[in-house]
There are 2 protein chains.
Amino acid sequence: MSFIPPAFTFVVNSFTNDYMAIFSKTCEYAMRAVFYVAQKSHEGQKVGIKEIAEQINSPEAFLAKILQKLSRERLIQSVKGPNGGFYFDAVSLNRPLADIVSAVDGNEIFTGCGLGLTYCSESNPCPLHEEFKKIRNQITHMLNNTTIGKFNLGLIKGKFTLNK
Amino acid sequence: MSFIPPAFTFVVNSFTNDYMAIFSKTCEYAMRAVFYVAQKSHEGQKVGIKEIAEQINSPEAFLAKILQKLSRERLIQSVKGPNGGFYFDAVSLNRPLADIVSAVDGNEIFTGCGLGLTYCSESNPCPLHEEFKKIRNQITHMLNNTTIGKFNLGLIKGKFTLNK
DNA sequence: ACAATAAAAGATATTTTTGTCTTTTATTCC
DNA sequence: GGAATAAAAGACAAAAATATCTTTTATTGT
Ligand code: FES
Ligand code: FES
């Protein structure tokens, strides 16, 4: 009887975070999904999780979890059963994208310190504070001024992409 | 013999990413450390990992790994042995903070799509593209225009904080 | 009432990031 | 040259984020 050693394991400690984006994957999927569903809602349709996941190129089961959360927080509407699916009512279509982001990623991006200090404050600022504050405010502004339904027409006209 | 059940495990799937900042923890520690060492270098001193970790309030062993990486990439200088430690030479003090960020977090933050599309492009833009591009450019600008030594005087004067 | 459908919920698995501990290597001082 | 020092490297561990699979619940159409 012979011992078969595990194949080369080399867990190289490459030690570069290999994909550090502004938003988490969860949040990226959420935003793409929301725009997709909004577009369909504009056309009066509900959409199933399978179609959404396909169209925005995200893992279906994972996206389901994300939309469940948004649904619990009443940020998106859903109905079960045949002919069911996800959609946005008129009120929800007018919500700012910021609501989605904070539901999923929390509020750190709106208020947190760029260098990771516990609190960002004027009285005890980190070196990047002044510059970082501007950027953070722009992000906040963008997310507050972008309603969920803002890109419906552009999406229908094919001006934007939500996958790849 | 009695069976002792594991204590309540409830791994609540709270499903909010509980701390989504712009930069990774690794990158935050790196930036804080770099500013601290730069200040000391300005005063002609080398600093040991223990002091750095204490002063910027970061886990020592973890920070050591980060500085090792920066050292391998010649972004920071170091000497072993008694009276050794980390420091920046004149050339390094003039490097942009962007070099630190990209060494640690990669280039996604400078070039990536806000919605997580594989490529950000003008010809195939996501809905946030125009607005997001501006923000990304501001981040890039900030990190390129902030040299590692830029805040030395402010730090020495106690204008800025790097911990808590 | 029943079968079919689709989301919600629950449980579990994988991967990445963050963090720690031990051993090795280089440098300085005596 | 030897002891002491401090970073570098290597191996390992814990926590968080990402991802998948199974079971349950609500709704619809027949
Ligand atoms: S204190 Fe760091 S961004 Fe305000
Ligand atoms: S395509 Fe999304 S930011 Fe450019």
Side-chain angles (χ1 to χ4, degrees), chain A residues 9-21 23-30 33 37 45-54 57-87 104-106 108 116, chain B residues 6 8-21 23-30 33 37 45-54 57-87 104-106 108 116:
Chain A
T9 303
F10 65 108
V11 177
V12 179
N13 195 347
S14 90
F15 221 89
T16 300
N17 288 347
D18 32 41
Y19 227 75
M20 193 60 205
F23 303 108
S24 68
K25 277 276 152 214
T26 307
C27 190
E28 290 173 351
Y29 296 151
V37 174
Q45 300 171 34
K46 296 187 219 97
V47 216
I49 187 68
K50 182 163 187 174
E51 177 182 337
I52 306 171
E54 272 167 10
N57 193 36
S58 77
E60 182 181 326
F62 188 54
L63 182 63
K65 285 293 172 196
I66 299 168
L67 294 191
Q68 271 168 40
K69 183 188 171 62
L70 296 180
S71 177
R72 276 194 301 271
E73 312 215 347
R74 317 267 174 212
L75 291 169
I76 196 171
Q77 283 68 55
S78 70
V79 298
K80 295 180 178 180
N83 211 11
F86 294 91
Y87 67 100
V104 158
D105 269 0
E108 192 66 9
Chain B
F8 270 96
T9 301
F10 65 108
V11 176
V12 179
N13 195 348
S14 91
F15 222 88
T16 300
N17 288 346
D18 32 40
Y19 227 74
M20 193 61 204
F23 303 109
S24 68
K25 276 279 152 213
T26 309
C27 190
E28 290 174 350
Y29 296 150
V37 175
Q45 301 170 32
K46 292 185 221 104
V47 216
I49 187 69
K50 182 163 187 174
E51 177 182 337
I52 306 171
E54 272 166 10
N57 192 35
S58 77
E60 182 181 329
F62 188 53
L63 182 63
K65 285 295 173 196
I66 299 168
L67 294 190
Q68 271 168 40
K69 183 188 171 62
L70 296 180
S71 177
R72 276 195 300 272
E73 310 214 347
R74 316 271 173 209
L75 290 170
I76 197 171
Q77 282 69 57
S78 70
V79 297
K80 295 180 179 180
N83 211 9
F86 294 91
Y87 67 100
V104 158
D105 270 0
E108 191 67 8

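A note on names: the letters A, B, ... follow the listed sequences, proteins ahead of strands, and every chain is numbered from 1.
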Could you state the atom-to-atom distance from [atom1] of [X] to [atom2] of [N] in whole Å?
X       : N       : atom1 : atom2 : result
E28(B)  : dG19(C) : CD    : P     : 10 Å
E51(A)  : dA7(C)  : CD    : P     : 10 Å
D105(A) : dA16(D) : CG    : P     : 16 Å
K69(A)  : dA7(C)  : NZ    : C1'   : 17 Å
K50(A)  : dT5(C)  : NZ    : P     : 12 Å
I49(A)  : dC21(D) : CD1   : C1'   : 15 Å
I66(A)  : dA7(C)  : CD1   : C1'   : 15 Å
L70(B)  : dA7(D)  : CG    : P     : 14 Å

Which distance, rounded to the nearest 0.5 Å, do you find between the [atom1] of [X] and the [atom2] of [Y]?
X      : Y       : atom1 : atom2 : value
L67(B) : L70(B)  : CG    : CG    : 6.0 Å
E28(A) : D105(A) : CD    : CG    : 9.0 Å
L63(B) : K25(B)  : CG    : NZ    : 12.5 Å
K69(B) : I76(B)  : NZ    : CD1   : 14.0 Å

Subject >> Closest to the R72(A) side chain, choosing from dA9(C), dA8(C), dA7(D) >> reply: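 The answer is dA9(C), which lies nearest to the side chain.
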**OP:** Go through dT20(C), dT18(D), dA9(C) for me and flag the one nearest to the K25(A) side chain.
**Re:**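 Nearest listed nucleotide: dT18(D).
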Original post:
Is any side-chain heavy atom of Q68(B) closer than 4.5 Å to a side-chain heavy atom of R72(B)?
Top reply: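 Answer yes - side chains close enough.
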Original post:
Given that C27(B) and G84(A) both sit by DNA chain C, which one's nearest nucleotide is further toward the 5' end?
Top reply: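 Of the two residues, G84(A) wins.
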Original post:
Heavy atoms under 4.0 Å, any strand shown: does L67(B) hit a base, just sugar-phosphate, or nothing?
Top reply: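 Here L67(B) touches no strand at all.
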Original post:
Is the shortest side-chain N/O distance from S24(A) to OP1 or OP2 of dA17(D) below 4.0 Å?
Top reply: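 No, S24(A) has no side-chain N/O under 4.0 Å of OP1/OP2 on dA17(D).
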Original post:
When you check the phosphate oxygens OP1 and OP2 of dT18(C), does a side-chain N or O of Y29(B) lie under 4.0 Å from one of them?
Top reply: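 No, because none of the side-chain N or O atoms of Y29(B) sits under 4.0 Å from OP1 or OP2 of dT18(C).
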Original post:
Taking N and O atoms by type only, does the side chain of K65(A) place a donor or acceptor under 3.5 Å from a partner on the base of dG10(C)?
Top reply: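 Result: at least one qualifying N/O pair found.
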Original post:
Does any donor-acceptor pair link the side chain of Q68(B) with the base of dA7(D) at a separation under 3.5 Å?
Top reply: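 Per atom types, no contact qualifies.
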**OP:** Would you please name every residue forming a side-chain hydrogen bond (donor to acceptor under 3.5 Å, both in side chains) with E51(B), sequence neighbours left out?
**Re:**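 So E51(B) forms a side-chain hydrogen bond (donor to acceptor under 3.5 Å, both in side chains) with Y36(B).
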**OP:** Could you pull out all residues at least two apart from K46(B) that satisfy side-chain hydrogen bond (donor to acceptor under 3.5 Å, both in side chains)?
**Re:**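 K46(B) satisfies side-chain hydrogen bond (donor to acceptor under 3.5 Å, both in side chains) with no residue once adjacent residues are dropped.
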**OP:** Hey, which sits more toward the 5' end of DNA chain D by its nearest nucleotide, A61(A) or S71(B)?
**Re:**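 Going by which nucleotide is closer to the 5' end, it is S71(B).
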Subject >> For DNA chain D, the residues among residues 74-83 of chain A that have a non-hydrogen atom under 4.0 Å from it >> reply: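 Heavy-atom cutoff 4.0 Å gives K80(A), G81(A), P82(A).
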